[in-house]
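Read the structure below first, then the notes.
Keep in mind that the numbers below use all heavy atoms, side chains included, and drop hydrogens, waters and symmetry copies. These numbers come from a predicted model, not from an experiment.
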Amino acid sequence: MPTSSTEIGHSFLVTFPDEGGVEGPWLLIEGGRVTARGVADEVPVPDPETRTVLAIPGELVTIHWLDLAGGLAQAQAAAAARLMLADASAGNLADMHVAVGLPEAGLTPVVLVPAALMVFWVAAADPDKIVPTSLLLHPPAAGMVRRDKGRVPDYRGPAAAFSVEPDLAALLIGDASVEPVDEATFEGGLGAALWPPVINLRQGQFANRRRWSVDRNWVRRVAMYAIAFVLLTLVVQLALIMRYTFAADRLEAETVALAAAAPAGVRDVRPGFGPLASHLFEAVRATPNVEVTRIDYRPDGALAATVEVDSPATLAAFRQRIEAGGVAVDGGTAPTGGPQPGAELVLRPA
């Protein structure tokens with residue numbers, strides 16, 4: 001069976017243990033073909049993108065093909081299978097792991113395997129997938145195929161898979177034709193058989209734990225958002241500084257104009273905008289969560305400032321800092337009507 005582009009994009013390290021669980025030969029499959037092979041003591045360390053597969057002998061499991069309702073979640077399908085197999089299983093189902101596979105020819109494969117064996121396999125190898133060898137064969141359109149490699153042959157047909165002695169297989173196969181499968185054909189089809197596999201025994205209580213990996217694209221996006229946030233914060237701060245600077249320049253110009261308009265010979269006893277504004281902005285810098293929204297230099301020499309704060313306590317601290325500089329502060333209790341509590345303060349020389 002040819003592999004699709006999706007299947008070719010995955011690589012698999014497939015290990016074939018014997019019936020005693022001893023690691024046997026392994027195959028590295030990349031791009032849908034075998035690129036390396038070896039024996040147990042030469043198993044390479046796979047890269048993070050390579051799926052590890054334990055191809056267990058088919059005779060260690062029992063495969064049933066059941067007519068399960070469609071649309072069931074995996075846990076629901078496993079529970080339904082347990083009920084259907086309660087009378088058909090010779091052993092105690094409480095000691096068995098029940099795994100449900102992908103439907104085929106209207107039937108769903110359900111694998112029974114001793115839970116103790118699953119514990120052993122997961123603890124020994126912790127593979128991404130555990131698949132019986134009989135379900136790694138591709139079913140023919142009709143009849144059966146046979147692979148003579150393990151202790152007993154593997155047989156595969158439409159909605160059928162088992163691993164038994166040839167004499168017993170004859171009773172199960174009946175008059176159906178049987179075609180042998182050589183190893184080259186078997187290995188050439190492993191890529192397609194594993195993505196996705198007909199069944200993966202690592203489900204339910206033996207499901208793979210989630211492996212965390214760093215997505216470089218995600219990290220890059222987060223970094224870009226962080227940089228944009230910092231830049232935006234700086235722009236906001238610069239805008240506030242420019243706003244205050246322009247307001248101060250405007251009021252200073254108004255002060256100069258008022259002084260120039262005073263009658264000849266009349267001495268201007270007003271304190272001037274600069275000293276009052278200096279005390280105001282010093283207090284703004286020293287008090288968190290205070291924003292000046294409007295300032296106005298009055299003809300009588302007083303400086304009116306509308307401020308927004310986060311709480312009355314912040315406003316009180318702000319007033320105290322201004323008064324500590326030798327400036328009298330009037331007002332400070334009337335709300336401004338803005339989204340935050342605030343007041344209009346009037347600064348005069350003490």
Side-chain angles (χ1 to χ4, degrees), residues 1-18 22-58 61 63 99 101-105 109 111 121-122 124-141 144-150 153-158 161 163 179-203 206-220:
M1 176 184 292
T3 59
S4 67
S5 58
T6 300
E7 294 158 353
I8 291 175
H10 291 84
S11 57
F12 304 94
L13 179 63
V14 186
T15 305
F16 296 86
D18 60 21
V22 178
E23 292 187 359
W26 55 267
L27 300 173
L28 181 61
I29 301 172
E30 298 173 305
R33 61 187 183 85
V34 177
T35 58
R37 65 178 69 240
V39 293
D41 56 355
E42 300 173 354
V43 178
V45 177
D47 62 59
E49 299 300 321
T50 299
R51 275 74 166 173
T52 55
V53 180
L54 199 64
I56 60 170
V61 303
I63 304 174
L102 302 177
E104 181 179 299
V111 173
W121 289 328
V122 171
D126 192 22
D128 295 311
K129 304 176 189 294
I130 300 177
V131 186
T133 52
S134 57
L135 288 174
L136 290 176
L137 291 166
H138 294 289
M144 303 286 291
V145 293
R146 185 187 70 241
R147 174 176 175 256
D148 300 306
K149 180 65 176 179
D154 293 325
Y155 294 85
R156 186 76 162 93
S163 303
E179 295 291 333
V181 173
D182 58 35
E183 284 304 291
T185 302
F186 171 73
E187 294 177 0
L190 281 176
L194 290 171
W195 193 260
V198 175
I199 197 167
N200 179 9
L201 301 188
R202 295 216 62 176
Q203 55 183 264
F206 298 105
N208 298 78
R209 292 182 179 180
R210 184 173 182 179
R211 297 180 179 179
W212 291 95
S213 61
V214 177
D215 186 335
R216 294 182 179 178
N217 292 330
W218 179 83
V219 172
R220 189 179 298 111

What pair of heavy atoms forms the shortest contact from [X] to [Y], and how long is it?
{"X": "Pro17", "Y": "Ala55", "value": "CD-O, 3.4 Å"}
{"X": "Gly58", "Y": "Pro132", "value": "CA-CB, 4.5 Å"}
{"X": "Arg156", "Y": "His138", "value": "CG-C, 4.1 Å"}

Which value, rounded to the nearest 0.5 Å, describes the distance between [X] atom [atom1] and [Y] atom [atom2]?
{"X": "Thr52", "Y": "Ile130", "atom1": "OG1", "atom2": "CD1", "result": "9.0 Å"}
{"X": "Leu54", "Y": "Leu201", "atom1": "CG", "atom2": "CG", "result": "9.5 Å"}
{"X": "Leu27", "Y": "Glu187", "atom1": "CG", "atom2": "CD", "result": "5.0 Å"}
{"X": "Asp154", "Y": "Phe186", "atom1": "CG", "atom2": "CZ", "result": "7.5 Å"}
{"X": "Leu190", "Y": "Thr133", "atom1": "CG", "atom2": "OG1", "result": "10.5 Å"}
{"X": "Ile29", "Y": "Leu13", "atom1": "CD1", "atom2": "CG", "result": "9.0 Å"}

Task: By side-chain hydrogen bond (donor to acceptor under 3.5 Å, both in side chains) - contacts of Arg33 (at least two apart) - done: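 side-chain hydrogen bond (donor to acceptor under 3.5 Å, both in side chains) check on Arg33 returns nothing, list empty.
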Kindly indicate whether the side chain of [X], heavy atoms from C-beta on, has any atom under 4.5 Å from the side chain of [Y].
{"X": "Glu30", "Y": "His10", "value": "no"}
{"X": "Val61", "Y": "Ser134", "value": "no"}
{"X": "Lys129", "Y": "Arg51", "value": "yes"}

TODO: Take Lys149 and Asp182 through the salt bridge (Lys or Arg N to Asp or Glu O under 4.0 Å) test and state the conclusion after the steps.
DONE: CA-CA 9 Å; Lys149 180 65 176 179; Asp182 58 35; over 6 Å; no
- [ ] Would you please name every residue forming a ring pair (Phe, Tyr, Trp, His ring centres under 6.0 Å) with Phe16, sequence neighbours left out?
- [x]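 Expected list: none.
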Ignoring hydrogens and geometry, is there a side-chain-to-backbone donor-acceptor pair from [X] to [Y] under 3.5 Å?
{"X": "Thr50", "Y": "Phe12", "value": "no"}
{"X": "Trp26", "Y": "Val39", "value": "yes"}
{"X": "Asn208", "Y": "Pro127", "value": "yes"}

